[in-house]
Number of protein chains: 2
Amino acid sequence: MSVESVPAPLSRVGNSNDQARRHNLSTILTLLHHGGSQTRAGLTRATGLNRSTIAALVAELAELGLVYETQQTDPGTVGRPSPFVHLTDRMLAVAVNPDLDAVTIGLVGLGGRVHSRVRHETPAAPGVSETIDIVRREVDALRAGLDDDQRIVGVGLAVPGLVRTSDGVVTLAPHLLWNDEPLAEPVAAQVGIPALAANDAQLGLLAESLFGAGRGVDDIVYLNGSTSGIGGSVLVAGRTLQGARGYAGELGHTLVNSNGVTCFCGKTGCLETEVSVGRLLDVLGADPVDGDEFDRMLGETVDDAVRAEIDRQLDVLGTALGNFVAIFNPSSIILGGFLGSLFAANPTRLQDGIRRASFGTLGEQVTVERAQLRTRLLMVGAAELAFGPMLADPAGVLGP
Amino acid sequence: MSVESVPAPLSRVGNSNDQARRHNLSTILTLLHHGGSQTRAGLTRATGLNRSTIAALVAELAELGLVYETQQTDPGTVGRPSPFVHLTDRMLAVAVNPDLDAVTIGLVGLGGRVHSRVRHETPAAPGVSETIDIVRREVDALRAGLDDDQRIVGVGLAVPGLVRTSDGVVTLAPHLLWNDEPLAEPVAAQVGIPALAANDAQLGLLAESLFGAGRGVDDIVYLNGSTSGIGGSVLVAGRTLQGARGYAGELGHTLVNSNGVTCFCGKTGCLETEVSVGRLLDVLGADPVDGDEFDRMLGETVDDAVRAEIDRQLDVLGTALGNFVAIFNPSSIILGGFLGSLFAANPTRLQDGIRRASFGTLGEQVTVERAQLRTRLLMVGAAELAFGPMLADPAGVLGP
DNA sequence: GCTGATATGTTTTCGACAGCAACAATTCAC
DNA sequence: GTGAATTGTTGCTGTCGAAAACATATCAGC
């Protein structure tokens with residue numbers, strides 16, 4: 001678990017009495033969402049609340065249509081068997097990810113279950129209004145396919161760029177050519193459901209930390225490599241690093257080489273210019289391919305020039321990660337996209353590089369892992385965003 | 001205020017009923033400690049709690065000896081005058097800062113008031129047992145001078161090095177030559193009062209964020225320059241960045257120049273090798289001096305070589321801070337120690353450097369400031385550590 | 001100076017909720 | 001089949017904050 005922290009400078013505002021109820025409802029729903037089905041007795045132990053309290057809370061969640069109970073089939077222990085509490089499939093979130101050449105839209109349930117996923121290809125990078133249109137049409141189609149008791153509670157948008165989460169405005173998405181475009185608000189207006197937007201790397205980390213390689217870890221540095229660059233995000237004491245305006249985590253634009261080339265951002269020697277798919281494809285002499293194929297190409301290569309480039313990129317990546325280790329002291333580093341492939345091609349080289357580039361022995365205390373969720377990643381992350389308000393206050397959002 | 005955040009992955013454990021009371025007591029005490037005396041009506045507005053609730057909570061704090069009320073002397077507004085609530089001087093903390101050539105010990109009250117401060121010079125860097133001895137003797141002396149109703153509630157230790165805050169063990173303090181030395185526990189045993197230890201830069205940031213240049217700001221990058229190097233700490237969403245084991249914030253050991261010299265930490269081109277007092281003193285041709293004198297020397301110099309070195313260091317510092325801006329998106333950067341002098345010598349040069357080295361327009365949204373607390377800095381910071389448990393649960397610590 | 005408006009302290013009542021205790025139900029081990 | 005262990009169920013209790021009604025103190029306008 002995490003270290004006892006230095007006291008926070010500002011305390012939260014006073015707690016009213018019934019906020020305790022909301023908090024406890026939220027805690028139980030979140031526990032089920034992130035940890036899967038459990039017995040009521042298990043919830044009692046996990047929360048420290050009284051049996052009777054748990055019973056009342058679970059009953060309220062059941063009334064809200066969020067959970068149902070089943071009899072334990074194979075008890076195996078002494079004592080009265082405790083009923084299992086499961087999440088229903090009635091509350092759903094729509095996940096949206098506009099990208100260079102397509103808008104991907106998914107229907108996701110609690111517990112990270114991706115029910116469906118559709119990829120709308122676009123001839124060029126989709127514009128904002130085009131994206132909104134696609135979402136509206138797709139949500140209409142999804143609604144038509146729902147059971148009577150099912151309900152879409154929110155839309156989450158994972159955007160490759162700087163997003164002001166507070167009002168869902170995309171400040172800058174260079175690859176989509178979006179600039180100060182309101183997104184969440186018009187989507188909400190069009191589909192009649194609350195919508196929230198956030199940076200794709202932040203949501204990717206969130207998904208991995210809940211359902212992937214980062215389960216149960218509170219301090220994570222996450223880097224995701226795509227054809228359009230390197231996005232990053234950091235989990236600090238269990239919370240996503242946001243910064244003053246929600247723009248924190250531009251780890252791809254930190255210095256790794258004073259003698260490097262100029263980045264499109266105007267600086268020199270940025271991580272994402274030194275470590276890139278493009279450079280790897282160049283030495284491979286290949287065209288862009290999908291992730292699994294790229295994995296295979298890197299892993300099976302015997303070409304010395306390719307191996308040299310892989311090692312060079314791993315060394316640079318190690319330098320950058322060493323800096324991040326000195327800054328964040330994470331327990332875990334998670335690498336997604338082509339950075340995962342790069343790592344898999346020669347894990348010890350990267351680990352050694354990180355150790356060399358870290359301050360003192362910090363580099364030895366960190367584990368490096370590859371991201372696990374792959375295609376589900378952004379669907380689960382965006383859904384988490386959409387589910388956020390309901391998880392934080394189930395009765396408030398679903399009740400009256 | 002801060003941006004609405006992406007939902008946290010792990011929820012806290014269930015809330016019991018009387019935790020609300022503790023939380024509210026803590027909130028009010030913390031509000032007074034960090035914000036100064038206020039009227040009861042002001043507390044009502046600040047917390048959103050009911051008048052009657054505030055009355056009861058303030059009465060309890062008064063009974064614990066933490067606060068007292070006075071009649072408003074000059075009301076100036078309509079309505080029944082609300083009594084002022086002040087902190088008493090009865091609860092005190094001992095602040096300790098072992099450094100290269102001295103152990104500084106202070107007696108600090110709530111609200112950041114430094115009652116006394118003693119500097120015990122040592123012939124060489126003090127050892128752990130020497131430090132503990134000095135603290136024991138000094139606490140005995142301080143106790144003898146207290147009024148009957150006064151009480152020392154804790155000892156806070158600000159250590160220049162890596163500290164595991166959870167158990168107060170100093171993992172590594174290179175300049176003191178300490179290595180895996182238990183500190184907080186033996187101090188507590190010797191003086192019979194709870195003791196806590198933390199990194200000096202973390203506590204410096206804490207102090208500045210509460211009582212200095214960072215008041216009311218939730219996202220701060222703090223760098224402090226001393227003769228022994230550059231220490232850093234970061235305030236993330238109002239909380240000190242700790243990392244998995246409490247070692248986060250080694251900002252002095254991040255890469256700023258691939259062609260730089262080798263640092264004692266083994267890496268090349270670290271910020272603290274490129275930006276240092278030593279290099280400034282070299283071009284100044286001067287011996288080490290105190291802060292105010294150094295300020296004057298840098299500000300008044302007309303020597304081109306000195307100005308060139310100042311500008312070089314400011315440019316390097318700008319590069320580093322640009323990276324930190326991309327990573328943390330802070331609203332404020334605070335510079336202490338000789339970095340404050342350096343900044344004051346040519347503020348626009350550093351601001352321009354940061355803007356150039358930041359991603360997009362992020363560099364324009366950040367303010368750069370000099371630290372304010374000077375000699376009080378670590379006394380207030382260490383006291384905050386000592387007061388932490390009492391601020392978090394006044395009745396629990398002082399009551400039974 | 002009076003009067004009304006305004007703001008706030010004080011006291012009492014009330015409602016919500018978590019804890020607790022006693023009892024019932026269900027399983028396992030022998 | 002009996003006892004131990006575990007957990008659900010039910011009704012009661014204590015605590016705490018909110019709300020309402022009343023009391024108090026100041027200011028503004030006349």
Side-chain angles (χ1 to χ4, degrees), chain A residues 12-28 37-64 67-85 393-396 399-400, chain B residues 12-28 37-63 67-86 393-396 399-400:
Chain A
R12 284 284 160 281
V13 114
N15 223 353
S16 89
N17 204 3
D18 71 354
Q19 283 177 331
R21 174 69 163 204
R22 284 188 212 171
H23 180 255
N24 288 340
L25 268 184
S26 164
T27 299
I28 292 186
S37 299
Q38 297 196 41
T39 62
R40 254 158 64 180
L43 292 172
T44 304
R45 276 187 296 269
T47 58
L49 294 171
N50 193 279
R51 290 205 299 267
S52 45
T53 308
I54 293 288
L57 292 169
V58 169
E60 181 163 355
L61 288 178
E63 198 153 324
L64 290 169
V67 305
Y68 65 98
E69 293 180 292
T70 58
Q71 290 310 313
Q72 213 174 23
T73 49
D74 176 30
T77 66
V78 291
R80 177 171 176 171
S82 188
F84 259 94
V85 186
D393 183 9
Chain B
R12 284 280 159 282
V13 114
N15 225 351
S16 89
N17 204 5
D18 72 353
Q19 282 178 330
R21 175 70 163 205
R22 285 187 213 172
H23 182 255
N24 287 340
L25 268 184
S26 163
T27 299
I28 292 185
S37 299
Q38 298 195 40
T39 62
R40 253 158 64 180
L43 292 172
T44 305
R45 275 187 296 271
T47 58
L49 292 172
N50 193 279
R51 291 205 297 268
S52 47
T53 309
I54 292 288
L57 292 169
V58 169
E60 182 163 355
L61 288 177
E63 196 153 326
V67 306
Y68 65 97
E69 292 181 290
T70 56
Q71 290 309 312
Q72 213 173 25
T73 48
D74 176 31
T77 66
V78 292
R80 177 171 176 171
S82 188
F84 259 93
V85 185
H86 310 273
D393 183 10

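The sequence lines fix the lettering, A, B, ..., with proteins before strands; numbering per chain opens at 1. Remember, it's a predicted structure, so these values are computed and weren't measured experimentally.
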**Q.** Distance, nearest 0.5 Å, that separates NE2 of B:His23 from CG of B:Leu25
**A.**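 Answer rounded to 0.5 Å: 11.0 Å.
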
Run the side chain to side chain contact (heavy atoms under 4.5 Å, CB included) test against [X] and tell me which residues pass, sequence neighbours left out.
X: B:Ala55; result: B:Arg40
X: A:Thr39; result: A:Ala41, A:Gln72, A:Ser82, A:Phe84
X: A:Ser52; result: A:Asn50

Q. Should A:Leu57 and A:Leu49 count as side-chain neighbours, where that means a heavy-atom distance under 4.5 Å?
A.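 Side-chain contact under 4.5 Å: yes.
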
Q. Is any side-chain heavy atom of B:Ile54 closer than 4.5 Å to a side-chain heavy atom of B:Ile28?
A.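 Contact flag for B:Ile54/B:Ile28 side chains = yes.
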
**Q.** Axial bend angle, the helix from C:dG1-D:dC30 to C:dC30-D:dG1: five-pair end segments, nearest 10°
**A.**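 Answer for the end axes of this duplex: 10°.
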
Which whole-number value in Å describes the distance from [X] [atom1] to [N] [atom2]?
X: B:Arg21; N: D:dA18; atom1: CZ; atom2: P; value: 11 Å
X: B:Ile28; N: D:dG17; atom1: CD1; atom2: C1'; value: 12 Å
X: B:Gln71; N: C:dG9; atom1: CD; atom2: P; value: 10 Å

Q. Within the structure, does a side-chain N or O atom of A:Asn24 lie under 4.0 Å from either OP1 or OP2 of C:dA18?
A.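 The answer is yes; a side-chain N or O of A:Asn24 sits under 4.0 Å from OP1 or OP2.
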
Q: List the protein contact pattern of nucleotides 7-12 of chain D with one symbol per nucleotide (5' to 3'): B for base contact, S for sugar-phosphate-only contact, - for none; contact means a heavy-atom distance under 4.0 Å.
A: BBBB--

Q) So, the side chain of A:Thr47 versus the backbone of A:Leu43: is there a donor-acceptor pair under 3.5 Å, distance only? A)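 Yes; at least one donor-acceptor contact below 3.5 Å.
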
Q: Using the test side-chain hydrogen bond (donor to acceptor under 3.5 Å, both in side chains), find all partners of B:Glu60 that sit at least two apart in sequence or belong to another chain.
A: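 Partners of B:Glu60 under the side-chain hydrogen bond (donor to acceptor under 3.5 Å, both in side chains) test: B:Arg21.
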
